[in-house]
Structure formats: C-alpha cells, structure tokens
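Everything below concerns the one structure shown next.
The structure displayed is predicted, hence computed values, not measured ones. Counting convention: from 1, in listed order, for ligands and their atoms alike.
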Amino acid sequence: MKRMRLGNTPLEVSRIALGCMRLSDSREQAVATIRAALDQNINFFDHADIYGRGKPEEVFAAIWEEVSGLRDKVILQSKCGIRFAGDPDERAPTRYDFSYEHIVRSVEGSLRRLKTDYLDVLLLHRPDALVEPEEVARAFDELHKAGKVRYFGVSNHTAAQIQLLQTCVDQPLVANQIELNVIHTQLINDGIVFNRDDLGVMSRSEGTLEFCRMHNITIQAWSSLACGVVSGKAIANPEARIERTAALVARLAKEKGVSKGAIVIAWLLRHPAHIQPIIGTTNPERIAATCQADNVELSREEWYSLFEAGRGGRLP
Ligand SMILES: NC(=O)c1ccc[n+]([C@@H]2O[C@H](COP(=O)([O-])OP(=O)(O)OC[C@H]3O[C@@H](n4cnc5c(N)ncnc54)[C@H](OP(=O)(O)O)[C@@H]3O)[C@@H](O)[C@H]2O)c1
C-alpha cells in the first residue's frame, strides 16, 4: 500500500484508510477486520466518539493485546462534536456541540475506550451552528499541550467554515472528511456546474475541494465504497444511474482483473487532490479485494466515464 502525507503533517499514512464505524462488537471479528487491514499495510484507522455509542473504539483496543508494539505504528483518528440524546444528562437531546467542555470530555472518553494516551488526529465531526472559534482554539491548545492530540481537522465542513475556525485556531487543520464516492459526486460536480442553474443543480460546496487542495488539507472520502451498491450489493429498485455505474464498474473490473470495489476506490485515488478513501467494510476478504485499488490506474477516459455514469448525465 502506497503512503501519502496527511495534510502538511509529517505523518506517512496509507492512502486507503479503514473506517471503524461498523466494527463488530465481537472481539474476534473486530480483530479479524483490523488484522486484514494491517495485512494490506493500512496504518490509518478512523473512529468517532459516537460510533456504536463507543463500542467500536472499545473493541478496537483489543488489537494492542494481539499485536505487540503496534500503537506507534498506526495512526488513530477520532471525531467529536455530536452529542447523543442522554449525554451529558438523561434529559439532554441530540445536539451538535463544539463547546470547550464537550470537546475535551469527548477526547477523554475516546482515549479511555481506545486504551491509548493520545489521538494522532481529532476531527470536528459536523459543523456546529453555534461554534465559537475561540472556544475550539482553547480546547485544541489544551489537548495539544497535554499531548492528548497531535493534529486536528474537520469533517463535513465548507471552505468558509474552515476559514472561520482558522481565525482563532493556531494548529493547522490537516483533513476534511466528506461524503464522496462515484455516485455521490457533489464535491467534484459543484465545480463543473458552477453558474449553470439551467441544469437544476446549484453549487453548494463553495469551492471546498479547491480550498482544501490549495491549503494542503487532505480530503478524506467517507462512504467511499458507496456502501457496495455499485460493486455487488443488491438493492431494491436502483436508479438508472446506479445500474449504469454498476455495469461500468463491473466491465472495468473484468478488464483490469481486479474486484469491483477496487474500481470504485480507484476512481477516488485517480483524482489529483490525493483523496484518502475511508473504507467501511468489515469483511476481511473484501478489505483485501478493495485494496487492489492501490495498483489500479484509471485513464482520464475511464475516470470521466464513471463520473458521468455516477452523476447521472453527460457533462455540460
Ligand atoms: N465523517 C462522517 O460524517 C462519516 C459518516 C459516515 C461514515 N464515516 C466514516 O467512513 C467510513 C466508511 O463509511 P461507510 O461504512 O458508510 O461506507 P462504505 O465504505 O461505502 O460501505 C461499507 C458498507 O458497505 C458494505 N459493502 C461494501 N461493499 C459491498 C459489497 N460488494 N456487497 C455487500 N456489501 C458491501 C459493507 O459491508 P461488509 O462489512 O459486509 O463488507 C459495509 O456495510 C466509516 O467506517 C466511518 O469511519 C464518516
């Protein structure tokens, strides 16, 4: 697995990462998933405090007993900023929360569950409408000084929201994790349909892709496998664009002698922004098959054909 630099950090990360949102509660199965990723030379693991109400972080910690000396060889990322109902007290509703107290408390929880002294990367999960950048800065400074978090980033943020944080946050924001896959192309498509209301699509991403490229903020793609719907998972009444994309994915996979999932991920890797796909499969065989993407080179023609199929129409 080829490595890449995460943002402007010195961290050398695998260009495909394992998302741990769906990690099994069973220690045996979770360890098998993590081992399958390590076997592919994946060294980057994505978590969030809210996934499975903390279970995936907890079960992930089993790997420290299974593989000795591993902690310093892997990059652990977690997220905070979404509170579930019942947290911090039983009457509390679900809320976005970038308050100092919530950020610090969330990190303490992740460290405890992951049985580690530090997170390599902490992301703010979803924009909080009531964000106070000064408060985020105070939390980040404290966590950084205490050695509890090495680097910081965001998820689901626009360029303007990142810039707002940067007015106060001294640490560089090194990653922005966004939903992106061959059938969820908005981040890329927005730059193509700019100024074309006649296409019925208004640009909503505010140049976020370009902003991240210019400022060396790694775009991480979540749901990078499109949950399997164009690489073999059957769904009821698929849209025509999904069927067309799945057919093209299948043809390219056959031509190149790789799995369909590898084609789906290769589409992201082909983009010059050095996008890091976060794959959420927990199936060891599928992890290996998907990682074949590391050796797939899609031509410009192939990339655009998949883009057109996935977006559901020819380019203007
Ligand atoms: N920042 C955010 O807001 C955010 C939101 C959601 C997720 N994430 C992150 O992104 C990661 C990936 O997200 P994701 O899991 O939603 O997306 P994904 O990687 O697109 O999909 C993984 C799911 O699709 C299934 N799948 C994939 N290929 C398949 C196939 N050919 N046939 C049948 N099933 C197939 C997997 O099942 P198997 O396990 O059986 O293979 C798994 O349930 C998460 O783990 C998390 O770390 C971030």
Looking only at protein heavy atoms, what sits closest to atom 44 (C) of ligand 1 is Met21 CB, 3.6 Å
To atom 3 (O) of ligand 1, the nearest of Asn156, Leu123, Thr33 on a heavy-atom basis is Asn156
Atom 31 (N) of ligand 1: closest protein heavy atom, distance to 0.1 Å, is Ser231 O, 3.0 Å
request  = Without swapping roles, check the side chain of Glu142 against the backbone of Ala139 for a donor-acceptor pair under 3.5 Å.
outcome  = no
of all protein heavy atoms, closest to atom 11 (C) of ligand 1 is Ile278 CG2, 3.7 Å
Ring centers of Phe211, His215 separated by less than 6.0 Å = yes
Check: So Trp64 and Phe60, would you call those rings parallel, tilted or perpendicular, with 30° and 60° as cut-offs?
Finding: perpendicular
If we number the atoms of ligand 1 from 1 as shown, the ones under 4.0 Å from a heavy atom of Ala226 are 20 (O)
Is Leu248 reachable from Val182 through a run of I, L, V, M, F, W or Y residues, each pair having side-chain heavy atoms under 4.5 Å apart? yes
Atom 30 (C) of ligand 1: closest protein heavy atom, distance to 0.1 Å, is Arg286 NH1, 3.3 Å
| Does Lys260 reach ligand 1, in the sense of a heavy atom lying below 4.0 Å from it? | no
Numbered in order shown, the ligand 1 atoms found under 4.0 Å of a heavy atom of Asp46 are 9 (C), 46 (C), 47 (O)
The option among Cys227, Gly280, Gly261 carrying the non-hydrogen atom nearest to atom 21 (O) of ligand 1 is Cys227
Ranking Thr282, Asn283, Thr281, Leu225 by closest non-hydrogen atom to atom 18 (P) of ligand 1, top hit is Leu225
Could you check whether Asn181 and Ser223, counting side-chain N and O atoms only, form a donor-acceptor pair closer than 3.5 Å? no
Check for me, please, whether Leu122 and Phe45 land in the same ILVMFWY cluster - side-chain distances under 4.5 Å, paths through other members count. yes
If we number the atoms of ligand 1 from 1 as shown, the ones under 4.0 Å from a heavy atom of His125 are 1 (N), 2 (C), 3 (O)
* Asked: Under the 6.0 Å and 45° cation-pi test, does Arg138 pair with Tyr100?
  -> yes
Under a 3.5 Å threshold, yes or no: a donor from one side chain and an acceptor from the other, between Glu57 and Ser78?
yes
So for Ser223 against ligand 1, with non-hydrogen atoms under 4.0 Å, the contacting part is both
If we number the atoms of ligand 1 from 1 as shown, the ones under 4.0 Å from a heavy atom of Gln177 are 1 (N), 2 (C), 4 (C), 8 (N), 9 (C), 48 (C)
For Cys20, the ligand 1 atoms with a heavy-atom partner under 4.0 Å come out as 45 (O), 47 (O)
Note: heavy atom closest to atom 10 (O) of ligand 1, options Trp222, Tyr51, Phe45, belongs to Trp222
Check for me, please, whether Met1 and Leu76 land in the same ILVMFWY cluster - side-chain distances under 4.5 Å, paths through other members count.
yes
So the atoms of ligand 1 within less than 4.0 Å of a heavy atom of Ile279 turn out to be 19 (O)
Assess, by modelled atom type and distance only, whether the side chains of Arg71 and Thr116 contain a donor and an acceptor separated by less than 3.5 Å. yes
Quiz item: If you measure only the distance, is there a donor-acceptor pair under 3.5 Å linking the side chains of Ser110 and Asp49?
Solution: no
closest protein heavy atom to atom 1 (N) of ligand 1 is Ser155 OG, 2.9 Å
Closest to atom 14 (P) of ligand 1 (heavy atoms only, candidates Lys233, Lys79, Arg22) is Arg22
